[in-house]
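Numbers here simply count residues along the sequence, with the first being 1.
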Amino acid sequence: MAVGSDTAPRTDWMRGRVTTWLTTVDHKRIGALYVGTSLVFLLAGGVLALFLRAQATAPDEHFLSPRSYEQVLTLHATTMIFLFTMPVVAGLGSHLVPLLIGARAVAFPRLNALSYWLFLLGGVVLFSSFLAKGGPASGSFSGSVPLAERSAWPGNGVEILILSLLLLSLSSILAAINLVVTVKNMRTEGMTWMRTPLFAWSMLAYAALLLLIVPTFAASLTMLLLDREAGTHFFVASQGGSTALYRHAFWFLGRPEVYLLILPPIGIVSEIVAVFSGRAIFSYDRMVYSIWALGGLFLLVWIHRTFVIGAHGYVHVALIVAAVAIGIVVVVMFLDWLPTLVHGTPRFDSPLLFAAGFLFLFGVGCLSRIAVAIFSLHGTAEVSAHLHYVLYGSSLFAILAGLHYWWPKIYGRLLDERLAALSFWLLFAGFNLAFFFEYLLGRLGMESGASTYAGGGHRESYNVVSTVGSGLMAVGVIVLLVNVFHTHRGGRRAGNDPWQGDTLEWYTSSPPPEDDFETVPPVSSARPLYDLRRRLQESGAR
């Protein structure tokens with residue numbers, strides 16, 4: 001039984017001229033702008049990835065010079081993290097978190113709008129660095145190159161790259177502040193902490209932990225810019241500075257952020273697994289504690305970068321302990337997801353299909369994390385494969401699961417299930433072909449991010465297979481875009497509650513009205529709409 005306050009589609013917040021979108025402070029519009037812009041940057045990042053794969057298809061330099069390869073690699077990595085994964089998560093949070101907690105707006109609407117425009121400006125500035133003299137510098141992502149010294153990286157590309165990252169960092173800080181305050185202060189009456197939806201919990205943990213690490217990164221970027229432009233010597237070793245300080249300051253963000261980005265996808269998948277299994281998550285309390293425990297452990301993973309600057313001994317032991325602890329927490333999460341599916345009656349519609357892809361990729365990535373820690377495979381292609389499984393692959397499939405799940409709520413129409421299934425299998429097969437063979441390349445000793453390699457043997461064969469996988473992923477993305485355009489031209493109306501959801505966003509109309517809710521139902525558990533349906537059934541029976 002679907003429940004809701006209005007069965008007619010409402011599109012008030014979607015209407016209006018271009019100027020209304022440019023000046024909007026509506027959290028739903030800001031969320032749509034975030035998601036739409038980040039998908040454009042995803043396409044740009046995907047094109048850059050195809051350039052990298054084209055370089056690796058054959059040995060020796062045949063497509064990109066070492067310098068060009070480094071610039072494309074830097075732009076690809078920055079785009080996928082700062083211009084796709086982080087902003088698409090921020091967009092989903094902006095649009096959905098107020099609906100999930102029964103609020104009619106975010107805590108700071110103007111701050112929310114500012115965070116989006118800073119993100120867009122940062123993205124434009126980032127890509128302009130590719131056109132500047134010297135281009136973007138890959139050393140900024142390893143700390144292995146003395147970027148503070150102009151002689152090492154001449155030109156203005158580094159400065160533009162730093163400015164873009166400062167803008168993107170400020171955008172992330174503002175969005176995180178908004179999410180934390182919104183979840184803390186604007187939950188509807190009756191929604192206690194332990195009745196809060198898991199996606200809202202995961203966004204709260206992600207945003208709170210982001211506030212601990214992004215300011216450190218922004219400070220290190222500011223000092224780096226001052227070294228290059230104002231003559232300071234924070235990181236200039238020849239003048240008494242410390243390059244190791246820069247490495248630590250950068251990787252205090254660089255590694256934890258990569259893993260913290262998996263927290264919102266965990267919340268998305270938890271919501272979808274519960275709804276499409278027809279039962280509550282196996283242990284709600286345990287999942288909440290696991291989200292926070294995982295976030296806390298992720299703050300420790302930056303220490304594994306100390307292997308490349310000479311630290312050993314107790315650091316190695318601490319890293320292994322942290323990796324094993326993360327593995328234990330992930331196992332606990334799987335012990336909630338899998339029993340929910342097994343003891344429920346799962347419906348493998350497109351959201352659950354993409355969620356199942358997340359579970360597989362996340363499991364493989366976490367297992368490989370332990371192998372990297374124990375066998376000290378740092379700097380090899382196996383680390384690159386691990387990061388792609390945990391960050392890009394897992395996040396991408398969870399985000400696509402969330403988009404297929406909430407698309408009818410956001411736009412009022414259902415995506416085509418056949419096209420969704422086709423895009424899933426193309427993406428799933430392509431991703432595993434592209435990055436499973438990266439594990440094998442790592443075992444052969446191939447360096448992570450190497451611009452060239454010696455010909456012959458298995459290296460060339462594995463790289464060719466990886467390139468084929470990348471091509472399949474590109475076709476999957478095209479099918480996904482066709483599905484989106486097909487839906488907007490005449491997709492099937494969704495109704496208020498097409499999936500029989502458990503949380504409050506499914507109570508309001510699809511799309512939601514400008515003020516989100518006409519009324520908010522009482523909340524007595526973490527599944528308020530399930531409770532409402534049960535009460536309606538009981539009253540009907542009587």
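- In this structure, the ring of Trp406 has its center less than 6.0 angstrom from the ring center of Phe199.
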Side-chain donor/acceptor pairs under 3.5 Å, residues 287-298, sequence neighbours excluded:
| residue | atom | partner | partner atom | Å |
| --- | --- | --- | --- | --- |
| Ser290 | OG | Arg286 | O | 2.7 |

Query raised in the report: Step by step, would you call Trp201 with Tyr206 a side chain to side chain donor-acceptor pair (under 3.5 Å)?
Result: CA-CA 9 Å; Trp201 267 119; Tyr206 166 71; over 6 Å; no
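- Remark: Glu271 engages no residue in a salt bridge (charged side-chain N to carboxylate O under 4.0 Å, His left out) (not counting sequence neighbours).
- Taking the salt bridge (charged side-chain N to carboxylate O under 4.0 Å, His left out) definition, one finds that Arg104 meets it with nothing, sequence neighbours left out.
- The side chain to side chain donor-acceptor pair (under 3.5 Å) search around Ser38 returns none, not counting sequence neighbours.
- By the salt bridge (charged side-chain N to carboxylate O under 4.0 Å, His left out) test, Arg527 pairs with Asp502, sequence neighbours left out.
- With sequence neighbours excluded, the residues forming a ring pair (Phe, Tyr, Trp, His ring centres under 6.0 Å) with His388 are Tyr392, Phe435, listed by chain and number.
- The two residues Ile410 and Pro512 come nearest to each other via the heavy atoms O-CD, 4.5 Å.
- Between the side chains of Trp506 and Gln500, not a single donor N or O lies within less than 3.5 Å of an accepting N or O.
- Nearest heavy-atom pair across Leu341 and Ser277 is CD2-OG, 3.2 Å.
- Across every non-hydrogen atom of Ser115 and Tyr34, the tightest pair is OG-OH, 3.0 Å.
- The line from CG of Leu361 to CG of Leu396 is 9.0 Å long, rounded to the nearest 0.5 Å.
- Counted by atom type alone, Tyr116 and Thr37 present one or more donor-acceptor pairs between their side chains at under 3.5 Å.
- Listed by chain and residue number, Ser94 satisfy the side chain to side chain donor-acceptor pair (under 3.5 Å) test with Asn112 (two or more places apart in sequence, or in another chain).
- The side chain to side chain donor-acceptor pair (under 3.5 Å) check on Ser172 picks up nothing, with sequence neighbours excluded.
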Check: residues 326-333 side-chain donor-acceptor pairs under 3.5 Å, at least two apart:
none

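- Taking the charged nitrogens against the carboxylate oxygens, Asp497 and Arg533 do have a contact shorter than 4.0 Å, which makes a salt bridge.
- Atom CE of Met203 sits about 8.5 Å away from atom CD1 of Ile268, to the nearest 0.5 Å.
- Within the structure, every pair that satisfies the side chain to side chain donor-acceptor pair (under 3.5 Å) test and touches residues 415-430, not counting sequence neighbours, is listed here: Ser350-Glu417.
- For the pair Arg187 and Trp193, the cation-pi criterion (under 6.0 Å, within 45° of the ring axis) is fulfilled.
- Checked against side chain to side chain donor-acceptor pair (under 3.5 Å), Ser283 has no partners two or more places apart in sequence or in another chain.
- The list of salt bridge (Lys or Arg N to Asp or Glu O under 4.0 Å) pairs with a residue in residues 77-87, not counting sequence neighbours, is empty.
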